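Scroll down for the structure; my scribbles are underneath it.
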Amino acid sequence: ADLSSAGLTVVGDIVASGIVKQTASGVASIDFSSVMTSAYDVYELVISGLRPATDGTTLHLRVESVSSFKSGASDYRYSSDAVRDNASATARASTGAAFIELAGGTFGNLVGEVGSFTIRIHNPADTSIISRITWIGGYTRSDGASVGVTGQGTYYAGTTAITGVQILAASGNITSGVFKLKGLEK
């Protein structure tokens with residue numbers, strides 16, 4: 001099916017009109033490249049069952065702009081709050097990083113230690129503003145604790161259009177997970 005009129009390009013399997021799906025299996029990153037256009041004001045990436053290969057790693061997001069995923073040392077700004085199942089909380093933030101940290105701390109890698117996230121990229125094609133990225137999710141730490149996380153961030157290196165998104169672990173591959181990207185609003 002041709003999704004170009006809806007602002008999406010086929011990258012993985014089509015699961016429904018307007019949704020692009022990728023399944024991780026021992027990959028360094030999940031890349032949705034050249035899929036975001038002005039067809040939608042908000043794009044949503046839903047991640048289910050994500051399990052990293054490396055125990056105790058963190059989960060990162062990068063955006064694509066001008067045909068490459070951006071990883072400059074101070075390209076991103078972000079803040080997030082994580083609350084463990086014992087009610088202890090941790091705030092994480094950066095005013096200059098090479099990524100947005102979606103899940104900090106010690107993300108587990110055992111079979112039952114998985115994470116799920118909903119990420120929204122707001123106004124990715126609007127070059128008059130800095131696009132906002134928001135997320136909510138949860139994951140299991142390497143010590144078995146359950147963690148809920150919310151956060152927001154920006155690609156702060158400029159106001160060029162965001163055309164894609166990349167998910168990767170700080171170290172090691174992504175063992176498994178299902179990633180679905182769709183446009184939400186215009």
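Computed from a predicted model, the values in this text were never measured in an experiment.
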Fill in: Under 3.5 Å: donor-acceptor pair, side chain of R62, backbone of A98
yes

Closest non-hydrogen atoms of T54 and S171, given as atom of the first, atom of the second and distance, are OG1-O, 3.2 Å

Between V63 and I133, is there a side-chain heavy-atom distance shorter than 4.5 Å? yes

The reported gap from CZ in R120 to CG in L184 (rounded to nearest 0.5 angstrom) is 5.0 Å

- Task: Take D31 and S33 through the side chain to side chain donor-acceptor pair (under 3.5 Å) test and state the conclusion after the steps.
- Result: CA-CA 6 Å; D31 300 344; S33 182; over 6 Å; no

Can you list, pair by pair, the side-chain donor-acceptor contacts under 3.5 Å of residues 148-156, counting residues two or more places apart and other chains?
| from | atom 1 | to | atom 2 | distance (Å) |
| --- | --- | --- | --- | --- |
| Q152 | OE1 | R132 | NH1 | 2.4 |
| Q152 | NE2 | S79 | OG | 2.9 |

Heavy-atom closest pair (Y43 atom, T37 atom, distance to 0.1 Å) is OH-N, 3.0 Å

Minimal heavy-atom distance between P52 and T57, with the atoms involved, is CB-CG2, 3.6 Å

Rounded to the nearest 0.5 Å, the CD1 atom of I162 sits from the CD1 atom of I130 at a distance of 10.0 Å

Under 4.5 Å between side-chain heavy atoms, hopping through other hydrophobics if needed: is there a path connecting I121 to W135?
yes

ask   = Below 4.5 Å, heavy atoms only, C-beta onward: do I167 and L45 meet side chain to side chain?
value = yes

With side-chain contact (heavy atoms from CB on, under 4.5 Å) as the criterion, how do Q22 and F32 come out once you've worked through the C-alpha distance, each side chain's angles and the decisive distance to 0.1 Å?
CA-CA 9 Å; Q22 293 190 53; F32 289 95; 3.4 Å; yes

message: Given 3.5 Å as the limit, does a donor-acceptor pair link the side chain of T159 with the main chain of T127, or not?
response: yes

Closest non-hydrogen contact found for A103 with F117 is CB-CZ, 3.8 Å

Q.
Do I174 and I119 sit in one hydrophobic cluster, given that two such residues count as connected whenever their side-chain heavy atoms are within less than 4.5 Å of each other, even indirectly?
A. yes

Smallest heavy-atom separation, S131 atom then H122 atom, equals CB-O, 3.3 Å

Scanning both residues in full, the closest heavy-atom pair of E101 with S80 reads O-OG, 4.5 Å

query = Are L168 and Y78 co-members of a hydrophobic cluster defined by side-chain heavy atoms under 4.5 Å apart?
reply = no

Quick check on the hydrophobic clustering: are V114 and V27 connected, directly or via other members, by side-chain heavy-atom contacts under 4.5 Å?
no

Only one of L50, L102, D55 passes side-chain contact (heavy atoms from CB on, under 4.5 Å) with F107, and that residue is L50

| task | Could you tell me whether the side chain of Q166 reaches within less than 4.5 Å of the side chain of H60, counting heavy atoms only? | result | no

The reported gap from CD1 in I100 to CZ in R92 (rounded to nearest 0.5 angstrom) is 14.5 Å

* Taking atom types as modelled, is there a side-chain donor on T160 or S65 under 3.5 Å from an acceptor on the other? -> yes

Using modelled atom types and a 3.5 Å cut-off, is there a donor and acceptor pairing between side-chain atoms of N173 and backbone atoms of T175?
no

_In this structure, would L59 and L61 fall into the same cluster of hydrophobic residues linked by side-chain contacts under 4.5 Å?_
yes

Rounding to 0.5 Å, atoms CD (E64) and OG1 (T163) come to a distance of 3.5 Å

Interatomic distance, OG@S38 vs CG@N123, rounded to 0.5 Å, equals 11.5 Å

Within the 4.5 Å heavy-atom criterion, are V42 and E44 side-chain neighbours or not? no

Notebook entry, point to check: Do the two ring centres, one from Y76 and one from F99, sit under 6.0 Å apart?
Noted result: no

The reported gap from NZ in K180 to OG1 in T23 (rounded to nearest 0.5 angstrom) is 8.5 Å

**Request:** Determine yes or no for a side-chain-to-main-chain donor-acceptor pair under 3.5 angstrom, with T140 supplying the side chain and E113 the backbone.
**Result:** no

